[in-house]
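Encoded as C-alpha coordinates, the structure appears first; notes follow it.
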Amino acid sequence: MDVLGIHVPEDSPVFLAFLSVHVLAAMVAVVAGTGAALVRRKGRGRHTRFGSAYFWAICVVFASAAALAGMRLREDWKLLAIGAVALAGAFVGRWARRRHWSGDTAHIVGMGGSFVAMLTAFYVDNGRQLPVWDRLPTLAYWLLPAAVGGPLIWRAVRRAGRAESVGAGDGREPRVGRFGGI
(Lines give C-alpha, C1' and ligand atoms only; values in the text may rest on other atoms or scores of the structure.)
Protein backbone atom coordinates (compact mmCIF):
# COMPACT_ATOMS: atom_id res chain seq x y z
CA MET A 1 0.00 0.00 0.00
CA ASP A 2 1.32 3.47 -0.92
CA VAL A 3 0.37 6.77 0.71
CA LEU A 4 1.61 9.94 -1.02
CA GLY A 5 4.29 7.92 -2.75
CA ILE A 6 5.57 6.31 0.46
CA HIS A 7 5.21 2.56 0.81
CA VAL A 8 3.25 1.55 3.94
CA PRO A 9 4.16 -2.04 4.87
CA GLU A 10 0.87 -2.96 6.55
CA ASP A 11 -2.75 -2.16 5.74
CA SER A 12 -4.46 -3.26 8.95
CA PRO A 13 -6.68 -0.57 10.50
CA VAL A 14 -4.83 -0.75 13.84
CA PHE A 15 -1.44 -0.30 12.18
CA LEU A 16 -2.73 2.60 10.06
CA ALA A 17 -4.26 4.29 13.13
CA PHE A 18 -0.96 4.15 15.02
CA LEU A 19 0.91 5.24 11.91
CA SER A 20 -1.39 8.28 11.52
CA VAL A 21 -0.77 9.34 15.12
CA HIS A 22 2.96 8.73 14.65
CA VAL A 23 3.22 10.83 11.48
CA LEU A 24 1.17 13.69 12.91
CA ALA A 25 3.22 13.77 16.14
CA ALA A 26 6.46 13.64 14.15
CA MET A 27 5.35 16.60 12.03
CA VAL A 28 4.55 18.55 15.20
CA ALA A 29 7.98 17.60 16.60
CA VAL A 30 9.77 18.80 13.46
CA VAL A 31 7.95 22.15 13.45
CA ALA A 32 8.27 22.67 17.22
CA GLY A 33 11.92 21.60 17.35
CA THR A 34 12.80 23.86 14.45
CA GLY A 35 10.84 26.70 16.05
CA ALA A 36 12.65 26.29 19.38
CA ALA A 37 16.01 26.38 17.63
CA LEU A 38 15.20 29.40 15.47
CA VAL A 39 13.66 31.63 18.14
CA ARG A 40 16.14 34.44 18.62
CA ARG A 41 15.70 34.90 22.34
CA LYS A 42 16.11 31.75 24.37
CA GLY A 43 14.49 31.30 27.77
CA ARG A 44 10.90 31.74 28.84
CA GLY A 45 8.40 32.57 26.14
CA ARG A 46 8.27 31.19 22.62
CA HIS A 47 11.42 29.06 23.00
CA THR A 48 9.96 27.32 26.05
CA ARG A 49 6.57 26.81 24.40
CA PHE A 50 8.18 25.35 21.27
CA GLY A 51 10.46 23.19 23.43
CA SER A 52 7.55 21.83 25.47
CA ALA A 53 5.60 21.07 22.31
CA TYR A 54 8.66 19.26 20.93
CA PHE A 55 9.13 17.25 24.11
CA TRP A 56 5.53 16.05 24.28
CA ALA A 57 5.42 15.38 20.54
CA ILE A 58 8.56 13.23 20.75
CA CYS A 59 6.96 11.31 23.63
CA VAL A 60 3.99 10.53 21.37
CA VAL A 61 6.35 9.70 18.48
CA PHE A 62 8.16 7.17 20.65
CA ALA A 63 4.98 5.66 22.11
CA SER A 64 3.48 5.23 18.65
CA ALA A 65 6.81 3.89 17.30
CA ALA A 66 6.82 1.32 20.09
CA ALA A 67 3.30 0.24 19.14
CA LEU A 68 4.23 0.05 15.45
CA ALA A 69 7.45 -1.83 16.19
CA GLY A 70 5.50 -4.23 18.37
CA MET A 71 3.55 -5.22 15.28
CA ARG A 72 6.70 -5.61 13.14
CA LEU A 73 9.57 -6.03 15.59
CA ARG A 74 11.76 -8.05 13.25
CA GLU A 75 11.70 -5.23 10.67
CA ASP A 76 11.48 -2.19 12.96
CA TRP A 77 13.67 -2.90 16.00
CA LYS A 78 16.35 -0.50 14.71
CA LEU A 79 13.79 2.28 14.42
CA LEU A 80 12.61 1.59 17.96
CA ALA A 81 16.22 1.83 19.20
CA ILE A 82 16.73 5.17 17.42
CA GLY A 83 13.42 6.36 18.89
CA ALA A 84 14.64 5.44 22.37
CA VAL A 85 17.75 7.57 21.77
CA ALA A 86 15.55 10.47 20.63
CA LEU A 87 13.33 10.15 23.69
CA ALA A 88 16.31 9.86 26.05
CA GLY A 89 17.91 12.97 24.54
CA ALA A 90 14.71 14.95 24.94
CA PHE A 91 14.43 13.82 28.56
CA VAL A 92 18.03 14.87 29.29
CA GLY A 93 17.51 18.24 27.61
CA ARG A 94 14.29 18.93 29.47
CA TRP A 95 15.64 17.61 32.78
CA ALA A 96 18.74 19.83 32.49
CA ARG A 97 16.58 22.90 32.08
CA ARG A 98 13.99 21.98 34.70
CA ARG A 99 16.64 21.08 37.31
CA HIS A 100 18.65 24.22 36.51
CA TRP A 101 21.86 22.40 35.68
CA SER A 102 24.70 24.88 35.25
CA GLY A 103 25.35 25.89 31.69
CA ASP A 104 23.35 25.08 28.59
CA THR A 105 25.40 22.20 27.21
CA ALA A 106 23.25 19.31 28.48
CA HIS A 107 20.08 21.05 27.33
CA ILE A 108 21.42 21.85 23.86
CA VAL A 109 23.06 18.46 23.30
CA GLY A 110 20.04 16.58 24.67
CA MET A 111 17.41 18.37 22.62
CA GLY A 112 19.59 18.74 19.52
CA GLY A 113 20.65 15.10 19.68
CA SER A 114 17.04 14.08 20.09
CA PHE A 115 16.10 16.04 16.96
CA VAL A 116 18.96 14.47 14.99
CA ALA A 117 17.93 10.98 16.13
CA MET A 118 14.34 11.62 15.09
CA LEU A 119 15.46 12.70 11.61
CA THR A 120 17.80 9.71 11.39
CA ALA A 121 14.91 7.35 12.09
CA PHE A 122 12.84 9.06 9.40
CA TYR A 123 15.57 8.77 6.77
CA VAL A 124 16.52 5.20 7.71
CA ASP A 125 12.87 4.19 7.31
CA ASN A 126 11.94 6.33 4.29
CA GLY A 127 15.14 7.49 2.57
CA ARG A 128 15.06 4.95 -0.24
CA GLN A 129 11.61 6.25 -1.22
CA LEU A 130 12.48 9.97 -1.25
CA PRO A 131 13.70 11.97 -4.24
CA VAL A 132 17.48 12.58 -4.12
CA TRP A 133 17.82 10.39 -1.00
CA ASP A 134 16.92 7.35 -3.12
CA ARG A 135 20.23 7.82 -4.95
CA LEU A 136 22.32 7.72 -1.78
CA PRO A 137 23.80 4.60 -0.17
CA THR A 138 21.94 3.26 2.86
CA LEU A 139 24.78 4.35 5.14
CA ALA A 140 23.99 7.97 4.26
CA TYR A 141 20.56 7.65 5.89
CA TRP A 142 22.34 6.78 9.14
CA LEU A 143 25.10 9.37 8.96
CA LEU A 144 23.89 12.50 7.15
CA PRO A 145 21.53 13.79 9.87
CA ALA A 146 24.38 13.65 12.40
CA ALA A 147 26.85 15.09 9.90
CA VAL A 148 24.61 18.13 9.49
CA GLY A 149 23.19 18.33 13.02
CA GLY A 150 26.42 17.65 14.91
CA PRO A 151 28.21 20.83 13.80
CA LEU A 152 25.06 22.89 14.43
CA ILE A 153 24.82 21.48 17.96
CA TRP A 154 28.52 22.11 18.53
CA ARG A 155 28.10 25.71 17.31
CA ALA A 156 25.14 26.24 19.63
CA VAL A 157 27.09 24.90 22.62
CA ARG A 158 30.03 27.18 21.81
CA ARG A 159 27.81 30.22 21.39
CA ALA A 160 25.98 29.49 24.63
CA GLY A 161 29.30 29.15 26.45
CA ARG A 162 30.50 32.50 25.10
CA ALA A 163 27.23 34.16 26.06
CA GLU A 164 27.53 32.79 29.60
CA SER A 165 31.06 34.12 30.02
CA VAL A 166 30.11 37.54 28.60
CA GLY A 167 27.02 37.78 30.82
CA ALA A 168 28.72 36.54 34.00
CA GLY A 169 28.27 38.80 36.96
CA ASP A 170 25.63 41.13 35.55
CA GLY A 171 22.76 39.37 37.33
CA ARG A 172 20.98 38.44 34.12
CA GLU A 173 20.84 35.03 32.56
CA PRO A 174 22.48 35.43 29.12
CA ARG A 175 20.62 34.30 26.05
CA VAL A 176 21.96 33.55 22.65
CA GLY A 177 20.70 34.41 19.22
CA ARG A 178 19.67 32.55 16.11
CA PHE A 179 20.59 28.84 16.08
CA GLY A 180 22.07 29.30 19.55
CA GLY A 181 19.89 26.74 21.24
CA ILE A 182 19.39 23.96 18.77
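Source: prediction; values computed, not measured. Below, all heavy atoms of this structure are taken into account, side chains as well, without hydrogens, waters or symmetry copies.
Rounding to the nearest 0.5 angstrom, the gap separating the CD atom in Glu75 from the CG atom in Leu68 is 12.0 Å. Taking CG of Leu79 as the reference point, atom CG of Leu73 lies at 10.5 Å (rounded to 0.5 Å). How far CZ of Arg159 is from CD1 of Ile108: 10.5 Å, rounded to the nearest 0.5 Å. Taken to the nearest 0.5 Å, the CE atom of Met71 stands 10.0 Å off from the CG atom of Asp76. Here the straight-line distance linking atom CG of Leu130 with atom CG of Asp125 works out to 9.5 Å at 0.5 Å rounding. Separation of atoms NE2 (His107) and CZ (Arg98) is listed at 11.0 Å; rounding is to 0.5 Å.
Between Thr120 and Pro145, the closest heavy-atom pair is OG1-CB, 3.3 Å. For the pair Arg46 and Val39, the tightest heavy-atom approach, listed with the atom from each and the gap, is CB-CG2, 4.1 Å. In terms of heavy-atom proximity, Pro151 sits nearest to Ala146 at CD-O, 3.8 Å. The nearest pair of heavy atoms linking Leu80 to Ala66 is CD1-CA, 3.6 Å.
Criterion: ILVMFWY side-chain heavy atoms under 4.5 Å apart, direct or through other members. Under it, Phe62 and Val92 are not part of a common hydrophobic cluster. Cluster annotation: Val31 and Val21 are assigned to distinct hydrophobic clusters (Ile/Leu/Val/Met/Phe/Trp/Tyr, side-chain heavy-atom contacts under 4.5 Å, transitive). Side-chain heavy atoms closer than 4.5 Å link hydrophobic residues (I, L, V, M, F, W, Y) into clusters, and following such links, even through other members, never connects Trp95 to Phe50. By the rule that hydrophobic residues join a cluster once side-chain heavy atoms approach within less than 4.5 Å of another member, Phe18 and Leu16 end up as members of one cluster. Cluster annotation: Val124 and Phe115 are assigned to the same hydrophobic cluster (Ile/Leu/Val/Met/Phe/Trp/Tyr, side-chain heavy-atom contacts under 4.5 Å, transitive).
Residues Tyr141 and Phe122 place their aromatic rings such that the two centres sit no closer than 6.0 Å.
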* Asked: Can you list the steps and then say if Val60 with Trp56 is a side-chain contact (heavy atoms from CB on, under 4.5 Å)?
  -> CA-CA 6 Å; Val60 173; Trp56 292 111; 5.8 Å; no
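Note on ring orientation: taking the six-membered ring where Trp is involved, the planes of Phe55 and Phe91 are perpendicular (angle over 60°, cut-offs 30° and 60°).
No more than 12 heavy atoms of other residues, nucleotides or ligands shown are found within 6.0 angstrom of CZ on Arg158. Atom CH2 of Trp77 has 12 or fewer heavy atoms from other residues, nucleotides or ligands within 6.0 Å.
The closest donor-acceptor contact from the side chain of Ser114 to the backbone of Gly110 lies at 3.5 Å or more, if one exists at all.
Of the candidates Met118, Met111, Arg94, Ile58 forms a side chain to side chain contact (heavy atoms under 4.5 Å, CB included) with just one, namely Met118.
The closest side-chain heavy-atom distance from Leu136 to Leu144 is below 4.5 Å. The side-chain heavy atoms of Val28 and Tyr54, taken from C-beta on, include no pair separated by under 4.5 Å. Val61 has its side chain within reach of His22: a pair of non-hydrogen atoms, C-beta onward, lies under 4.5 Å apart. Asn126 places none of its side-chain heavy atoms less than 4.5 Å from the side chain of Trp133.
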